[in-house]
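Some notes on the structure that comes next.
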Number of protein chains: 2
Amino acid sequence: MGQSNPPFMSGVPELLCLQVIAQGETYGYDIVRRIRLLTGEAIVLGEGVVYPVLHSLERAGRLKARRRTVDGRSRVYYRLTAGGRKRAEALNERWQRVRAGMDMALSGGGDAALYVE
Amino acid sequence: MGQSNPPFMSGVPELLCLQVIAQGETYGYDIVRRIRLLTGEAIVLGEGVVYPVLHSLERAGRLKARRRTVDGRSRVYYRLTAGGRKRAEALNERWQRVRAGMDMALSGGGDAALYVE
DNA sequence: TTGGAATGCCTTGAACTGCGAGGTAATATA
DNA sequence: TATATTACCTCGCAGTTCAAGGCATTCCAA
């Protein structure tokens with residue numbers, strides 16, 4: 001019955017994961033670290049956010065996973081599929097739209113006294 | 001113990017309401033309309049979002065409400081308190097920070113220098 | 001050598017937000 | 001007279017994000 005849209009502000013963790021993976025095959029633990037560094041600590045997503053996102057992306061065919069052992073460390077490496085790249089673009093556009101909307105809303109000076117009609 | 005931080009991406013509806021009210025005393029129904037117009041339809045918040053935000057802001061002493069009848073219409077007009085102005089600034093800064101973080105993450109093309117520890 | 005820190009994966013339960021749907025009532029418009 | 005618009009409100013769900021934990025391995029310092 002009640003089919004509701006996702007919150008207008010969602011999909012950001014998903015976008016960030018896709019964006020990181022788009023720059024080269026990586027694994028979950030590293031994605032967590034890179035999002036933190038890439039955003040200058042502005043956005044810090046824990047493993048409890050990232051891993052479920054990764055799994056759902058893989059289930060949706062947007063990521064391809066493969067297990068590799070590097071330096072004696074067993075990791076699950078992810079890379080984008082074509083669908084993943086498309087998804088990243090769609091989310092990016094959605095974000096840019098929201099961002100632009102916020103810019104418009106916030107650029108109107110906050111002081112009513114400035115506006116003498 | 002069970003104290004969790006709000007989601008990193010929240011507080012945007014609240015910020016938008018404060019921002020609109022900062023431009024002059026208004027009422028809920030109008031705020032809904034103006035957010036839609038201000039953001040170029042990029043962000044459309046329904047009454048089910050706006051009214052609860054207004055009430056919680058008032059409860060927190062960040063808005064002052066007064067009932068007025070204009071053109072035979074009874075409305076609840078809101079204006080910012082000093083606390084409301086401070087809150088708006090804090091949320092604005094938080095947003096700018098997230099926005100900047102996203103900009104960094106999404107502009108990621110080549111600089112590996114970004115994530116050197 | 002032993003124990004803590006870091007790496008690396010995972011899930012669970014709860015919190016929180018945002019959302020649609022619905023309800024009421026007055027006024028305007030056709 | 002009916003229907004649309006204005007204007008207020010609340011309920012309860014749905015989707016997301018979160019902290020907190022658990023597990024196993026490897027690394028390093030005491």
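The shown structure was predicted, so the numbers you read here are calculated from the model rather than taken from an experiment. In what follows, chains carry the letters A, B, and so on, assigned in the order in which the sequence lines appear, proteins first and then strands, with residues in each chain numbered from 1.
In this structure, the ring-ring contact (aromatic ring centres under 6.0 Å, His included) partners of Tyr27(B), at least two apart in sequence or on a different chain, are Tyr77(B).
Phosphate contact (OP1/OP2 of dG8(C), side-chain N/O of Arg33(A), threshold under 4.0 Å): present. Of the side-chain N and O atoms in Tyr51(A), none sit less than 4.0 angstrom from OP1 or OP2 of dC10(C). Between Tyr27(B) and dA7(D), a side-chain N or O to OP1/OP2 separation shorter than 4.0 Å is present. Phosphate proximity of dT6(D) to Tyr29(B): present, with a side-chain N or O under 4.0 Å from OP1 or OP2. His55(A) has no side-chain polar atom (N or O) that falls below the 4.0 Å cut-off from OP1 or OP2 of dC9(C).
The side chain of Ser10(B) lies closest to dT17(C), out of dG8(C), dC19(C), dT17(C). Among the nucleotides dT17(D), dC10(C), dA28(C), the one closest to any side-chain atom of Pro13(A) is dT17(D).
The nearest whole Å value for the distance from the CZ atom in Arg36(A) to the P atom in dC18(D) is 14 Å. One interatomic measurement links the two molecules: CG of Asp71(A) to P of dC28(D), which rounds to 11 Å at whole-angstrom precision. Atom CZ in Arg75(A) sits about 16 Å away from atom P in dA6(C), given to the nearest Å. With rounding to whole Å, Glu58(A) atom CD is found 9 Å from dC10(C) atom P. Rounded to a whole Å, the CZ atom of Arg68(B) is 17 Å from the C1' atom of dC8(D). Note: CZ (Phe8(A)) to P (dG20(C)) measures 11 Å, nearest angstrom. Note: CD1 (Ile35(A)) to P (dT17(D)) measures 11 Å, nearest angstrom. One can place CZ of Arg34(B) at 12 Å from P of dA7(D), the figure rounded to the nearest angstrom.
Cluster annotation: Met104(A) is not connected to Val98(B) through the hydrophobic network of ILVMFWY side chains, with a link wherever side-chain heavy atoms come within less than 4.5 Å.
Mapping Arg73(A) and Val49(A) onto DNA chain D via the closest heavy atom, the residue that lands nearer the 5' end is Val49(A). Residue-to-nucleotide proximity on DNA chain D shows that, of Met9(B) and Arg67(B), the 5′-proximal contact is made by Arg67(B).
Near-neighbour residues of DNA chain D inside residues 39-48 of chain A, defined by a heavy atom below 4.0 Å, number-ordered: Leu45(A), Gly48(A).
In this structure, Ile31(B) CD1 and Gln19(B) CD are separated by 12.0 Å, a value rounded to the nearest 0.5 Å. With values rounded to the nearest 0.5 angstrom, Thr26(B) atom OG1 is found 5.5 Å from Ile21(B) atom CD1. With values rounded to the nearest 0.5 angstrom, Arg62(B) atom CZ is found 8.5 Å from Thr81(B) atom OG1.
The pair Glu25(A)-Arg68(A) meets the salt-bridge criterion, with a side-chain N (NZ, NE, NH1 or NH2) lying under 4.0 Å from an Asp/Glu carboxylate O. We find that Arg75(A) and Asp30(A) are not joined by a salt bridge, their nearest charged nitrogen and carboxylate oxygen being 4.0 Å or further apart.
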